[in-house]
Amino acid sequence: MALVVAMQFAFTYAPFMQAVFHTDPVTLLDGLRIVGIGITLLLIVELEKHISPALVRWVTSPSRHQVPGRDRR
């Protein structure tokens with residue numbers, strides 16, 4: 001993980017990489033936006049991982065398909 005981050009910083013900020021790939025440095029505000037969006041997406045994915053199994057159990061539950069007030073025979 002640290003290697004990937006180091007390579008990303010080199011790609012973005014090293015002058016020789018900027019010349020090769022025609023990139024510009026990211027401003028502090030843009031960097032904060034990028035990190036904020038990344039954290040938000042991570043939280044959404046993690047929340048979905050916790051909700052999905054419970055939702056599947058609820059949808060496939062046999063008791064959910066019974067008519068209220070009727071005995072099971």
Side-chain angles (χ1 to χ4, degrees):
M1 175 78 165
L3 179 61
V4 172
V5 172
M7 291 174 64
Q8 182 64 49
F9 275 106
F11 177 83
T12 305
Y13 296 106
F16 71 93
M17 296 288 269
Q18 290 176 344
V20 171
F21 294 103
H22 306 287
T23 59
D24 291 319
V26 176
T27 65
L28 178 62
L29 182 58
D30 288 341
L32 292 174
R33 286 180 182 149
I34 292 166
V35 170
I37 291 168
I39 290 171
T40 302
L41 291 174
L42 175 67
L43 292 174
I44 290 169
V45 168
E46 291 300 318
L47 182 64
E48 188 268 340
K49 281 195 238 178
H50 291 287
I51 291 174
S52 288
L55 185 59
V56 168
R57 281 192 305 273
W58 180 75
V59 167
T60 59
S61 170
S63 62
R64 183 174 176 270
H65 301 292
Q66 293 177 2
V67 177
R70 294 209 178 166
D71 294 333
R72 288 181 79 181
R73 296 184 193 178

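None of these values were measured; they are calculated from a predicted model.
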Worksheet entry | Any donor-acceptor N/O pair, Gln18 side chain to Phe11 backbone, under 3.5 Å | no
Worksheet item: Phe16: what forms a ring-ring contact (aromatic ring centres under 6.0 Å, His included) with it, not counting sequence neighbours?
Response: none
Fill in: Connected hydrophobic set around Ile37, excluding itself, where side chains approach under 4.5 Å
Leu41
Worksheet item: Who pairs with Glu48 by salt bridge (charged side-chain N to carboxylate O under 4.0 Å, His left out), at least two apart in sequence or on another chain?
Response: none
Worksheet entry | Non-neighbouring partners of Thr23 that pass side chain to side chain donor-acceptor pair (under 3.5 Å), sequence neighbours left out | none
Practice prompt. List in chain and number order the residues that pass side chain to side chain donor-acceptor pair (under 3.5 Å) with Asp24, two or more places apart in sequence or in another chain; answer none if no residue qualifies.
Written response: none
Response to the item:
Those residues at least two apart in sequence (or on a different chain) that pass side-chain contact (heavy atoms from CB on, under 4.5 Å) with Thr27 are Leu29, Asp30
Response to the item:
Here the salt bridge (Lys or Arg N to Asp or Glu O under 4.0 Å) pairs for residues 51-61, sequence neighbours left out, are none
Worksheet item: In the hydrophobic clustering (ILVMFWY, side-chain contacts below 4.5 Å, transitive), which residues join Phe9, or is it alone?
Response: Val5, Tyr13, Val26, Ile34
Worksheet item: How many angstroms lie between CG in Leu3 and CD in Gln8, if you round to the nearest 0.5 Å?
Response: 11.5 Å
Discussion item. Assigning hydrophobic clusters by single linkage (Ile, Leu, Val, Met, Phe, Trp, Tyr; side-chain heavy-atom cutoff under 4.5 Å), is Val56 placed with Val59?
Written reply: no
Worksheet, complete the sentence: The complete set of salt bridge (Lys or Arg N to Asp or Glu O under 4.0 Å) pairs with one or both residues in residues 1-12, sequence neighbours excluded, reads none
Discussion item. Starting from Val35 and following side-chain heavy-atom contacts under 4.5 Å between hydrophobic residues (I, L, V, M, F, W, Y), which residues can be reached?
Written reply: Ile39, Leu43
Worksheet entry | Members besides Ile44 in its Ile/Leu/Val/Met/Phe/Trp/Tyr cluster (side-chain heavy atoms under 4.5 Å) | none
Discussion item. Just to verify, what does Thr40 make a side chain to side chain donor-acceptor pair (under 3.5 Å) with, not counting sequence neighbours?
Written reply: none
